[in-house]
Number of protein chains: 2
Amino acid sequence: MTQIARTQSQLGNIIRRARKTAKMTQADLGKRAGLRQATVSQIESGDTDPSTKTVLDMLAALDLELVVRPRSKGSHDDIEDIF
Amino acid sequence: MTQIARTQSQLGNIIRRARKTAKMTQADLGKRAGLRQATVSQIESGDTDPSTKTVLDMLAALDLELVVRPRSKGSHDDIEDIF
DNA sequence: CTTCTTTATGCGGCAAGGCGTATAAAATAG
DNA sequence: CTATTTTATACGCCTTGCCGCATAAAGAAG
């Protein structure tokens with residue numbers, strides 16, 4: 001299952017979903033990634049523009065990785081990350 | 001061609017490579033992404049920790065997109081991004 | 001409703017990103 | 001080698017991410 005992120009909010013949603021799937025709380029994830037629970041909250045909500053390192057740390061803590069690839073691989077434009 | 005980025009430097013290398021492939025200068029990319037040439041330089045060099053928005057803007061300007069997926073898809077640990 | 005857990009907000013503070021402007025240094029062209 | 005383009009650095013400024021600490025609000029459990 002590979003998820004496309006073109007905005008911070010989409011990225012936040014992906015992270016939140018992954019965290020729940022992993023049955024972790026924001027505090028758990030924060031601890032693993034070296035972040036505050038508050039920071040995790042803000043990032044998941046998409047109401048901040050996190051640094052790359054912060055994002056990578058969170059993804060690593062969730063056993064996820066980032067991939068860069070040419071756009072529009074199928075190009076279903078993801079009107080909004082509804083699910 | 002899908003590239004894994006687990007660190008800022010790897011991300012910077014990916015961007016630089018993509019920019020060159022697209023035959024753009026740092027100034028070109030900067031213009032498209034709304035960034036200074038100097039900023040592009042620093043990010044490509046990996047000596048800064050860019051914000052998510054900045055990275056997404058650069059990727060968009062290069063017609064690239066970000067994908068999140070489970071780690072270790074083959075798990076070749078990428079000792080360092082040599083090429 | 002009450003209790004416990006989880007998530008969202010708030011405030012002051014420090015560090016760092018990105019900006020404008022400018023220039024040095026390196027690479028490419030001629 | 002010289003001229004031009006491209007890339008790397010620098011300084012000061014402003015904004016904002018993330019921190020610690022604390023608390024409010026929202027959910028889940030009893």
Side-chain angles (χ1 to χ4, degrees), chain A residues 3-68 80-83, chain B residues 3-68 80-83:
Chain A
Q3 321 212 53
I4 302 174
R6 292 182 180 179
T7 64
Q8 297 109 285
S9 353
Q10 289 177 350
L11 195 50
N13 284 333
I14 291 172
I15 289 173
R16 172 163 291 175
R17 225 173 304 165
R19 174 178 60 79
K20 288 184 176 172
T21 299
K23 297 237 184 297
M24 299 172 61
T25 67
Q26 292 181 341
D28 292 334
L29 177 52
K31 194 157 203 172
R32 283 209 201 192
L35 300 168
R36 296 184 310 156
Q37 172 267 320
T39 301
V40 174
S41 171
Q42 291 170 237
I43 292 174
E44 288 187 352
S45 301
D47 60 86
T48 189
D49 180 17
S51 82
T52 300
K53 181 177 184 312
T54 299
V55 170
L56 289 173
D57 286 347
M58 293 180 77
L59 293 181
L62 290 165
D63 270 298
L64 297 173
E65 69 187 2
L66 221 51
V67 166
V68 177
E80 239 324 283
D81 225 84
I82 316 155
F83 68 99
Chain B
Q3 321 211 54
I4 302 174
R6 292 183 181 179
T7 64
Q8 296 110 285
S9 353
Q10 289 177 349
L11 195 51
N13 285 332
I14 292 172
I15 289 174
R16 171 163 291 174
R17 226 174 304 164
R19 175 178 60 79
K20 289 183 176 172
T21 299
K23 296 235 183 298
M24 299 172 61
T25 67
Q26 292 181 341
D28 292 334
L29 177 52
K31 195 157 203 173
R32 283 208 201 191
L35 300 168
R36 297 185 310 154
Q37 172 268 319
T39 301
V40 174
S41 171
Q42 290 170 237
I43 292 173
E44 288 187 352
S45 302
D47 60 88
T48 189
D49 180 17
S51 82
T52 300
K53 180 177 184 313
T54 299
V55 170
L56 289 173
D57 286 347
M58 293 179 77
L59 294 180
L62 291 165
D63 270 299
L64 297 174
E65 68 187 2
L66 221 52
V67 166
V68 178
E80 238 326 283
D81 224 85
I82 316 155
F83 68 99

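Predicted model, so just to flag it, every value in this text is computed and none were measured. Here is how names work: the chains are called A, B, and so on, in the same order as the sequence lines, proteins then strands, and each is numbered from 1.
The closest donor-acceptor contact from the side chain of B/Asn13 to the backbone of B/Gln10 lies at 3.5 Å or more, if one exists at all. Distance alone, capped at 3.5 Å, is enough to place a donor-acceptor pair between the B/Ser45 side chain and the B/Ser41 backbone. Using a distance-only test at 3.5 Å, with no hydrogens or angles considered, a donor-acceptor pair links the side chain of B/Thr21 to the main chain of B/Arg17. When atom types are taken as modelled, the side chain of A/Asp49 and the backbone of B/Ser51 share no donor-acceptor pair closer than 3.5 angstrom. Of the possible donor and acceptor atoms, none in the side chain of B/Thr54 sits under 3.5 Å from a partner among the backbone N and O of B/Pro50. Judged purely by atom type and a 3.5 angstrom limit, B/Arg16 has no side-chain atom pairing as donor or acceptor with the backbone of B/Glu44.
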> For nucleotides 15-30 of chain C, read 5' to 3', which letter fits each nucleotide if B means a protein heavy atom sits under 4.0 Å from the base, S means only the sugar-phosphate is that close, and - means neither?
Replying inline: --SSBBB---------
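In 5' to 3' order, the nucleotides of DNA chain D bounding all contacts with chain B (an atom under 4.0 Å from a heavy atom) are D/dT6 to D/dA10.
Here the closest non-hydrogen pair linking A/Met24 and A/Leu62 is SD-CD2, 4.0 Å.
Across all strands shown, B/Ser41 has heavy atoms under 4.0 Å from base atoms, whether or not it also approaches the sugar-phosphate.
Looking at heavy atoms from C-beta onward, A/Leu66 lies out of side-chain contact with B/Arg6 at the 4.5 angstrom threshold. For the pair A/Val40 and A/Ile15, the minimum side-chain heavy-atom distance is 4.5 Å or more.
At its two ends the helix from C/dC1-D/dG30 to C/dG30-D/dC1 runs along axes set 60° apart, each axis drawn from five pairs and the angle rounded to 10°.
At a threshold of 4.0 Å, the pair B/Asp57-B/Lys53 counts as salt-bridged, since one of the basic side-chain nitrogens sits closer than that to a carboxylate oxygen.
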